[in-house]
Chemist: 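Below is a structure I'd like to ask you about.
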Amino acid sequence: MFSRVFTSANPPFVWIDAVDPTRAELEQIAREYGYPETAVSDCLDPEHLPKFERFGPNCFAILRAYDERADLMADTVQALTRKVALFWGPTFLVSIHRKEQPYLSAVIRSWNEEHPPGVEPGNNGMYTIELLAEIALAVVLSYEAPLEGAEARMDAFEGTLLQHTDVSSLLHQMYMIKRRVALLKRLLWHTISVSNRFPSAQEKGLPLLQDLRENAESMHFYADELLEDVNNLLHMQLSLAAHRTNEVVQILTVFSAFFLPLTFIVGVYGMNFQHMPELSQRWGYPAVVLLMFGVSAAIWTWFRRRGWLK
């Protein structure tokens with residue numbers, strides 16, 4: 001479905017928004033505005049990462065925004081984000097996407113409110129630069145919500161570190177957060193690369209693009225910090241799990257140290273040979289029992305002095 005979002009006669013400019021176009025319709029757009037077949041193929045690739053290409057006076061870019069309807073366990077490019085392709089030149093901009101995207105709909109509403117029909121432009125006709133900056137900025141800001149959600153979940157996990165919880169479930173959840181944040185960071189890095197290549201022949205367009213780049217870099221830095229934090233949490237959780245295992249092993253070792261010499265004594269006197277010392281003695285059994293108590297007391301005293309029973 002094609003719709004003319006905005007049209008201006010002075011200066012001449014048109015913004016066309018295409019929702020889920022067919023390949024034939026994309027090829028028609030490419031022929032009309034002088035784009036090669038490769039740009040059409042990139043538009044049809046659902047997993048294509050952000051990119052930028054220039055074809056003479058016209059440009060082509062792909063951006064990916066976070067999908068608000070994505071599942072909490074989504075950890076792939078296609079499941080976590082939605083793609084928007086942009087064809088633009090001095091007098092036109094074509095935005096192409098498969099489904100309605102809330103951030104883009106918000107940009108369309110805002111643009112129509114700021115540029116009502118019949119009103120002379122107040123930006124000296126910098127429609128292309130302004131639109132690119134607004135759309136790309138909306139794409140960048142769409143990553144803020146999932147990053148804040150990841151930070152909140154990490155804070156909740158941090159509060160349970162010293163509690164005896166289901167470690168395997170906790171590690172799995174933290175690992176999924178790590179995968180999502182790492183993917184968001186990667187996409188933001190590609191978005192920064194694309195925004196740095198946006199051309200601006202007019203000096204008045206530079207502040208718009210500079211603001212876009214600053215926001216993209218800030219969001220990328222935010223994702224980088226969260227990725228480092230979740231790595232630290234994973235290492236701490238693994239260290240605590242290893243510490244708990246060591247405590248269990250220590251307790252088992254103490255019990256083994258107590259029973260090992262006792263088992264040895266019982267084993268020796270359980271061989272039942274005919275000519276064994278103390279077998280014929282009346283006080284042989286009580287003496288062996290006292291010996292076992294004495295060995296246990298000696299081990300307990302030794303362990304306590306070395307601080308192994310704390």
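Residue indices begin at 1 and follow the sequence shown.
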Chemist: Any donor-acceptor pair under 3.5 Å linking the side chain of R180 with the backbone of A74?
Modeler: yes

Chemist: Are L212 and L147 linked, directly or through other ILVMFWY residues, by side chains that come within less than 4.5 angstrom of each other?
Modeler: yes

Chemist: Sequence neighbours excluded, which residues qualify as side chain to side chain donor-acceptor pair (under 3.5 Å) partners of D155?
Modeler: none

Chemist: Salt bridge or not between R23 and E25? Use side-chain N to carboxylate O under 4.0 Å.
Modeler: no

Chemist: With clusters defined by side-chain heavy atoms of hydrophobic residues (ILVMFWY) lying less than 4.5 Å apart, directly or transitively, does V140 cluster with F221?
Modeler: no

Chemist: Can you find a pair of side-chain heavy atoms, one from M174 and one from L171, that are under 4.5 Å apart?
Modeler: yes

Chemist: Of all heavy-atom pairs between V19 and R98, which one has the smallest distance, and what is that distance?
Modeler: CG1-O, 3.7 Å

Chemist: Does one hydrophobic cluster hold both I192 and I129, with members joined at side-chain heavy-atom distances below 4.5 Å?
Modeler: no

Chemist: How far does CG of L183 sit from NZ of K178, to the nearest 0.5 angstrom?
Modeler: 13.5 Å

Chemist: Could you pull out all residues at least two apart from T191 that satisfy side chain to side chain donor-acceptor pair (under 3.5 Å)?
Modeler: none

Chemist: Give a yes or no on whether the ring-centroid distance for F293 and W300 is below 6.0 angstrom.
Modeler: no

Chemist: May I have the step-by-step check of side-chain contact (heavy atoms from CB on, under 4.5 Å) for I62 and K83, ending in yes or no?
Modeler: CA-CA 7 Å; I62 289 177; K83 183 184 70 175; 3.5 Å; yes

Chemist: Before you tell me yes or no, could you show the steps for W189 and R186 under side-chain contact (heavy atoms from CB on, under 4.5 Å), namely the whole-Å CA-CA distance, both residues' side-chain angles and the distance that decides it to 0.1 Å?
Modeler: CA-CA 5 Å; W189 183 86; R186 178 186 174 197; 5.7 Å; no

Chemist: Within the structure provided, determine whether V139 and Y103 are in side-chain contact (heavy-atom separation under 4.5 Å).
Modeler: yes

Chemist: Closest heavy-atom contact between E100 and S105?
Modeler: OE1-OG, 3.7 Å

Chemist: For a 4.5 angstrom cut-off between non-hydrogen side-chain atoms, does V230 reach F157?
Modeler: no

Chemist: Who are the side chain to side chain contact (heavy atoms under 4.5 Å, CB included) partners of E68, not counting sequence neighbours?
Modeler: P102

Chemist: Under the criterion side-chain contact (heavy atoms from CB on, under 4.5 Å), I'd like the reasoning laid out for F13 against L131: C-alpha separation, chi angles, the key distance, then a yes or no.
Modeler: CA-CA 11 Å; F13 182 82; L131 262 178; 3.8 Å; yes

Chemist: Taking D45 for its side chain and S41 for its backbone only, find out whether a donor-acceptor pair lies under 3.5 Å.
Modeler: no

Chemist: Tell me every residue that passes ring-ring contact (aromatic ring centres under 6.0 Å, His included) with F92, counting only those two or more places apart in sequence or in another chain.
Modeler: Y33

Chemist: Answer yes or no: is there a donor N or O on one side and an acceptor on the other, between the side chain of D211 and the main chain of P207, under 3.5 Å?
Modeler: no

Chemist: Do the non-hydrogen side-chain atoms of L209 and S195 ever get within less than 4.5 Å of each other?
Modeler: no

Chemist: Counting only N and O atoms by type, is there a donor-acceptor contact under 3.5 Å from the side chain of H220 to the main-chain atoms of A216?
Modeler: no

Chemist: Considering all heavy atoms of both residues, which atom of P36 and which atom of A30 are nearest to each other, and what is their separation?
Modeler: O-CB, 4.4 Å

Chemist: So E130 and E114, do their side chains get closer than 4.5 Å, heavy atoms only?
Modeler: yes

Chemist: Do V94 and L86 make a side-chain contact, defined as non-hydrogen atoms from C-beta onward lying under 4.5 Å apart?
Modeler: no

Chemist: Would you say S110's side chain and A106's backbone share a donor-acceptor pair under 3.5 angstrom?
Modeler: no

Chemist: S95 and D17: side-chain donor and acceptor closer than 3.5 Å?
Modeler: yes

Chemist: Let me confirm one number: the CG-CG distance from L132 to L137, rounded to the nearest 0.5 Å.
Modeler: 12.0 Å

Chemist: Run the salt bridge (Lys or Arg N to Asp or Glu O under 4.0 Å) test on E151 and R153 for me, step by step, so that the C-alpha distance in whole Å, both residues' side-chain angles and the decisive distance to 0.1 Å come before the verdict.
Modeler: CA-CA 5 Å; E151 184 178 20; R153 294 180 67 189; over 6 Å; no

Chemist: L44 and L26: which non-hydrogen atoms are nearest, and at how many Å?
Modeler: CD2-CD1, 3.5 Å

Chemist: What is the distance from atom CG of L226 to atom CG of N231, rounded to the nearest 0.5 Å?
Modeler: 11.0 Å

Chemist: How about Y66 and E144: does a side-chain donor come under 3.5 Å of a side-chain acceptor?
Modeler: no

Chemist: Would V84 and L93 show up in the same hydrophobic cluster when neighbours are defined by side-chain heavy atoms closer than 4.5 Å?
Modeler: yes

Chemist: Show the nearest heavy-atom pair for residues L208 and A133, with the distance to one decimal.
Modeler: CB-CB, 3.9 Å

Chemist: If you measure from the Lys or Arg side-chain nitrogens to the Asp or Glu carboxylate oxygens, is any gap between K99 and D20 under 4.0 Å?
Modeler: no

Chemist: Hey, does W15 have a side-chain heavy atom less than 4.5 Å from the side chain of T7?
Modeler: no

Chemist: Could you tell me which residues satisfy ring-ring contact (aromatic ring centres under 6.0 Å, His included) with Y35, sequence neighbours excluded, listed by chain and number?
Modeler: F55, F87

Chemist: Are S3 and I16 side-chain neighbours, meaning at least one heavy-atom pair lies under 4.5 Å?
Modeler: no

Chemist: Is there a chain of hydrophobic side chains (I, L, V, M, F, W, Y, each step under 4.5 Å between heavy atoms) that links V295 to F264?
Modeler: yes

Chemist: Let me confirm one number: the CG-OH distance from L141 to Y143, rounded to the nearest 0.5 Å.
Modeler: 11.5 Å

Chemist: Testing the basics here: between A70 and A79, what is the closest heavy-atom pair and its distance to 0.1 Å?
Modeler: CB-O, 3.4 Å

Chemist: Calculate, to the nearest 0.5 Å, the distance between atoms OG and CG belonging to S193 and L188 respectively.
Modeler: 12.5 Å

Chemist: Could you give all pairs that pass the salt bridge (charged side-chain N to carboxylate O under 4.0 Å, His left out) test and reach residues 212-227, with sequence neighbours left out?
Modeler: K185-D224

Chemist: How long is the gap from NE2 on H190 to CG on L49, to the nearest 0.5 Å?
Modeler: 4.5 Å

Chemist: Surrounding CD of Q28 (heavy atoms of other residues, nucleotides or ligands, distance under 6.0 Å), is the total greater than 12?
Modeler: no

